Amino acid sequence: MTRLTGKVAIVTGASRGIGAGIATAMAAEGATVIGCDVLGFSAPALAATEALDVTDEDAWAQVVAKVLERTGRLDVLVNNAGITSPESVHESRLEEWRRVVSVNQTGVFFGMRAAIPAMEAGGGGAIINISSICGAAAVPGIAAYHAAKGAVRTMTKNAAITYARQGIRANAILPGWIQTPMTAGQSADVNDRFLDATPLGRPGTPSDVAGAAVFLASDESAFITGVDLPVDGGYLAA
């Protein structure tokens with residue numbers, strides 16, 4: 001369990017669900033993991049935790065500065081924090097639209113902007129942005145979520161091309177239906193629709209996504225950048 005030994009990672013949305021799974025798996029593989037979430041939390045398996053509102057650019061600068069002061073480097077950024085909303089285009093309230101886009105898209109922008117200079121100074125790094133199957137295929141409603149998660153994919157490709165010569169790789173993971181507090185809060189009809197369309201016939205788990213994130217953070221993926229990696233039980237292949 002040493003695939004990430006010597007690497008320092010920031011994982012957002014790390015208090016639960018996919019973020020907690022990724023943070024715990026990276027720590028188990030030897031990384032120094034700083035888990036961040038909008039509310040403070042404790043996680044003994046991690047090197048540290050920080051309260052971070054991903055929509056606050058100043059807070060991002062402070063977190064990265066703390067990490068550099070503590071460790072002297074930043075090798076991995078996982079932009080995982082996300083929220084959803086059921087509203088369709090004609091129903092979308094501007095305040096709700098801005099809330100979803102602010103967390104899911106602008107938060108990723110702030111994270112990359114804060115982390116990239118630190119990665120450049122250290123000779124490179126790996127950015128892993130959590131998009132969604134809904135960033136590649138449509139379902140009814142969730143208009144703002146679709147917009148933001150689709151943007152995350154193209155933002156990731158832009159970063160991959162822009163910073164490749166600086167040794168920075170950027171890849172996106174597209175989770176399918178994963179058992180998390182977020183999906184537990186959705187209606188049974190919505191969840192059944194996703195599961196019925198998943199060829200493997202089961203829900204995913206945070207550890208399924210974490211395995212992909214560990215791979216993309218590790219040197220095993222040293223020649224991989226700019227990709228969309230579905231972790232979706234075959235949903236997008238159907």
Side-chain angles (χ1 to χ4, degrees), residues 4 7-29 31-41 43 45-56 59-60 63-64 67 74-84 99-115 125-135 145 148-153 155-156 159 169-185 204-218 227-232:
L4 301 180
K7 296 186 184 296
V8 177
I10 290 175
V11 180
T12 69
S15 70
R16 62 181 191 166
I18 290 173
I22 291 172
T24 301
M26 288 188 171
E29 289 287 353
T32 298
V33 179
I34 294 83
C36 301
D37 212 300
V38 67
L39 299 177
F41 69 105
L46 308 186
T49 61
E50 296 283 348
L52 172 65
D53 178 351
V54 298
T55 69
D56 184 338
W60 265 111
V63 165
V64 171
V67 171
L74 177 58
D75 303 285
V76 179
L77 170 65
V78 182
N79 281 309
N80 165 74
I83 57 175
T84 190
R99 185 179 74 93
V100 173
V101 170
S102 182
V103 173
N104 293 359
Q105 180 181 349
T106 307
V108 171
F109 160 64
F110 284 155
M112 291 197 293
R113 190 174 66 172
I127 296 169
I128 302 164
N129 294 328
I130 307 301
S131 178
S132 168
I133 53 174
C134 293
Y145 187 78
K149 289 300 187 179
V152 167
R153 293 177 59 214
M155 290 165 64
T156 303
R169 299 182 297 108
N171 294 291
I173 294 176
L174 281 58
W177 195 94
I178 309 295
Q179 289 178 317
T180 67
M182 180 185 288
T183 54
T205 66
S207 63
D208 290 322
V209 183
V214 167
F215 169 69
L216 290 175
S218 75
V227 305
D228 296 327
L229 177 56
V231 181
D232 65 353

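As the structure is a prediction and not an experimental result, all values here were calculated from the model. Quick note: numbers below take in every heavy atom, side chains included, and nothing from hydrogens, waters or symmetry partners.
Checked by atom type and distance alone, the side chain of S131 never pairs as donor or acceptor with a backbone atom of V152 at under 3.5 Å. In this structure, N171 contributes its side chain and V227 its backbone to a donor-acceptor pair below 3.5 Å. Between the side chain of R153 and the main chain of L174, no donor-acceptor pair closer than 3.5 Å is present. One N or O on the side chain of K149 and one on the backbone of I130 form a donor-acceptor pair closer than 3.5 Å. Put simply, the side chain of D75 gets close to the backbone of V8: a donor and an acceptor are under 3.5 Å apart. With N80 contributing its side chain and G13 its backbone, the two residues share a donor-acceptor pair below 3.5 Å.
The two residues V231 and A212 come nearest to each other via the heavy atoms CG2-CB, 3.7 Å. Listed here is the closest heavy atom pair of A217 and A126: CA-CB, 4.2 Å. Of all heavy-atom pairs between E50 and F41, the closest is O-CE2, 4.5 Å. The nearest pair of heavy atoms linking P206 to T180 is CG-CG2, 4.5 Å. Residues V63 and C36 approach most closely at CG1-SG, 4.0 Å, considering heavy atoms. Across every non-hydrogen atom of L77 and A115, the tightest pair is CD2-CB, 3.7 Å.
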Return all side-chain donor-acceptor pairs below 3.5 angstrom for residues 15-27, not counting sequence neighbours, or 'none' if the list is empty.
from : atom 1 : to  : atom 2 : distance (Å)
S15  : OG     : D37 : OD2    : 2.6
T24  : OG1    : A20 : O      : 2.9

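Annotation: the span from W177 atom CH2 to S132 atom OG amounts to 13.0 Å, rounded to 0.5 Å. The CD1 atom of I127 lies 7.5 Å from the CG atom of N79; values are rounded to the nearest 0.5 Å. Rounded to the nearest 0.5 Å, atoms CG (N104) and CD1 (I83) are 5.5 Å apart. Atom CG in N129 sits 10.5 Å away from atom CG in D228 (nearest 0.5 Å). Atom CD of residue Q105 and atom OH of residue Y145 lie 13.5 Å apart, to the nearest 0.5 angstrom. Atom CH2 of residue W60 and atom OG1 of residue T12 lie 5.5 Å apart, to the nearest 0.5 angstrom.
Each of D53, D56, V54 was evaluated against V38; a single residue qualifies, D53, per the side-chain contact (heavy atoms from CB on, under 4.5 Å) test.
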